[in-house]
Amino acid sequence: MPATTTFLPLSAWGLGVDRPLLVAGPCSAESADQVLATARAIRTRAPQVKVFRAGVWKPRTRPGTFEGNGAEALRWLQEVKAETGLLLATEVANAEHVDASLKAGIDLLWIGARTTPSPFAVQEIADALRGVDVPVLVKNPINPDLQLWIGALERLAHAGLTRLAAIHRGFHWFERTPYRNSPMWEFPIRLKGTFPDLELLCDPSHIAGGRERLGEVAQQALDLNFSGLMVETHIRPDQALSDADQQVDPAGLAVLLEGLNFRRAAPPGVLHAPLQELRDLIDQLDEELAQKLGSRMAIAERIGEYKHAHNVAILQPERWEAIMRRQLQLARHLGLSPAFVEAVMNAIHTESIRRQSQVADEAGQGVPPSGSRASAQD
Ligand code: PEP
Ligand code: MN
C-alpha cells in the first residue's frame with residue numbers, strides 16, 4: 001500500500017475547534033497552583049483560547065535546569081480540563097510520554113523543536129500513535145532544515161495520523177538576530193507549498209524570545225494566513241522556571257490577542273502564490289543582508305581598535321585592492337555586473353572607514369588626518 005499523507009482541516013478534527021486555533025499556557029507545568037491559576041485566568045481574560053498548553057517533560061538544551069515535573073503534572077492538567085473545559089496539549093518526545101499523555105486524556109500532542117530533527121524519536125512516537133489518530137502539532141526543527149520538518153510530518157502521516165498541523169517557532173541562527181529564533185518565513189511557506197492542506201500555527205513566543213515583538217510576529221503569521229497561534233502564558237512570568245522572558249501573563253495575553261487583526265489574513269491560497277513566496281524570500285534575504293552588514297561593521301570596529309592599539313596605519317591600499325579584485329571575480333561567476341558590485345563594495349568601504357575612524361576617535365588619539373583615512377582597510 002503506498003504511503004499516504006492526508007491532512008484534515010482543523011474544523012474536521014472533531015474537537016469543536018476551528019480557525020483561528022488559539023493555544024496558550026505556560027512553557028512548563030511547574031506546580032498545581034501555577035497551572036490552575038494560569039488556566040483560570042486565561043479562561044476569564046481570553047475566552048477565545050480553546051487549548052491549554054503546558055510542558056510536562058522539558059527538553060532543555062543544557063542539563064541542570066528545570067526538566068519538568070513529568071507524569072505528576074499530567075494530573076494538574078486533568079484538573080484544568082475538569083474545571084475550565086479547556087482542551088489540553090503537551091509535548092511528547094518518546095513512546096513513554098505518548099502512552100502517559102493518552103492515558104491522562106491529553107487532547108493534542110506536540111513534538112518539540114529538539115525532537116522533530118530526530119528520525120528515531122519521531123518514528124518511535126509515530127509507532128506509539130499507530131491506530132490512535134490523536135491531533136499532533138509538529139514544531140519545526142531547531143535548525144533551518146525543511147526536509148527534517150517534512151520528514152517528521154510524513155512519519156506521522158504514514159502511521160495513519162490525519163489530524164496534523166505544523167507549528168512555526170523560528171530557527172536557531174548562528175548570527176545575532178533581533179529574534180531568539182529567526183522567523184525565516186520562507187520555511188513555513190515552502191512547507192505549505194509541499195503540503196497545501198496542512199494547517200500552520202505560529203508560536204510567536206519562541207520566535208520573539210521576549211514580550212516586545214510578540215504582537216508583530218503574531219500579526220505577520222496571521223497576515224500570511226496561518227491557522228492559529230500558540231502563546232506561552234504564565235500567571236507570574238517573571239518567576240517562570242523556563243522561558244521567563246518571553247511569557248506573558250493572562251492579562252497580557254488578552255491585550256495581545258485584542259491587538260491582532262484576525263481579518264487581515266491574505267485571501268486563501270496566498271501562501272503558495274508564487275509572487276508572495278518570492279516576496280517573502282526577498283524579505284528574508286534582505287534581513288540576512290542587514291545582519292551580515294551588521295556583523296561586518298562590528299568586525300571592522302574590532303580591526304579599528306586593534307590598529308589603534310598597535311599603532312598600525314589605517315591606510316592599507318593593497319588590502320582594499322585585493323578585496324575588490326576578489327569581489328569582482330566572484331561577481332563574474334555570479335553574473336553580477338562589475339559596476340554594481342563595485343558600487344556596493346565602495347559604499348560598504350565608506351561605512352567601514354567611518355566606523356574604524358570613530359573607534360580611533362573615541363580612543364582619543366593617534367587618529368591619522370582625514371585625508372589618509374580615505375583608504376582605510378579592514
Ligand atoms: C516549548 O514549547 O516550551 C518548547 C520547548 O518549544 P520548542 O520545542 O519550540 O523549543
Ligand atoms: Mn518554552
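Just so you know, ligand 1 is whichever comes first in the structure, and atom 1 is the first atom listed for that ligand. Residue numbers start at 1 and run along the sequence shown. Keep in mind it's a predicted model, so treat the numbers as computed, not measured.
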Determine, for [X] against [Y], whether the closest basic-nitrogen to carboxylate-oxygen distance falls under 4.0 angstrom.
X: R355; Y: E351; result: yes
X: D245; Y: R180; result: no
X: K139; Y: E91; result: no
X: R45; Y: D249; result: no

Anything protein N/O/S under 2.8 Å from the Mn ion (ligand 2)? Just list residue and atom, please.
C27 SG, H206 NE2, E232 OE2, D243 OD2
Sub-4.0 Å heavy-atom approach of E232 to ligand 1:
yes
For ligand 1, is G55 a contact, meaning one of its heavy atoms is under 4.0 Å away?
no
Under 4.0 Å from a heavy atom of [X]: give me the atoms of ligand 1 that qualify, with their elements.
X: C27; answer: 3 (O)
X: K58; answer: 1 (C), 3 (O), 5 (C)
X: G112; answer: 8 (O)

Close aromatic pair by centroid cut-off 6.0 Å: F195 and W149:
no
Just wondering, more than 12 heavy atoms not from R302 lying within 6.0 Å of its CZ?
no
For Q48, does the CD atom sit with more than 12 other heavy atoms under 6.0 Å from it, leaving out its own atoms?
yes
Starting from atom 2 (O) of ligand 1, find the nearest protein heavy-atom neighbour and note its residue, name and distance.
R53 NH1, 2.7 Å
Nearest-neighbour protein heavy atom for atom 4 (C) of ligand 1, which is reported as residue plus atom name and distance
H206 NE2, 3.5 Å
State whether the shortest distance between N or O atoms of A113 and N or O atoms of ligand 1 falls below 3.5 angstrom.
yes
Test of proximity, R114 against ligand 1: N or O pairs below 3.5 Å
yes
Which class fits the ring pair F226 and W185: parallel under 30°, tilted 30 to 60°, perpendicular over 60°?
perpendicular
On the ring face of F66, is R60 found with NZ or CZ under 6.0 Å from the centre and within 45° of the axis?
no
In terms of its nearest heavy atom to atom 6 (O) of ligand 1, the top option of R169, K139, Q246 is K139
Applying side-chain contact (heavy atoms from CB on, under 4.5 Å) between V231 and each of V23, I42, L253, report the one that passes.
L253
Do L109 and V134 touch side chain to side chain, with heavy atoms closer than 4.5 Å?
yes
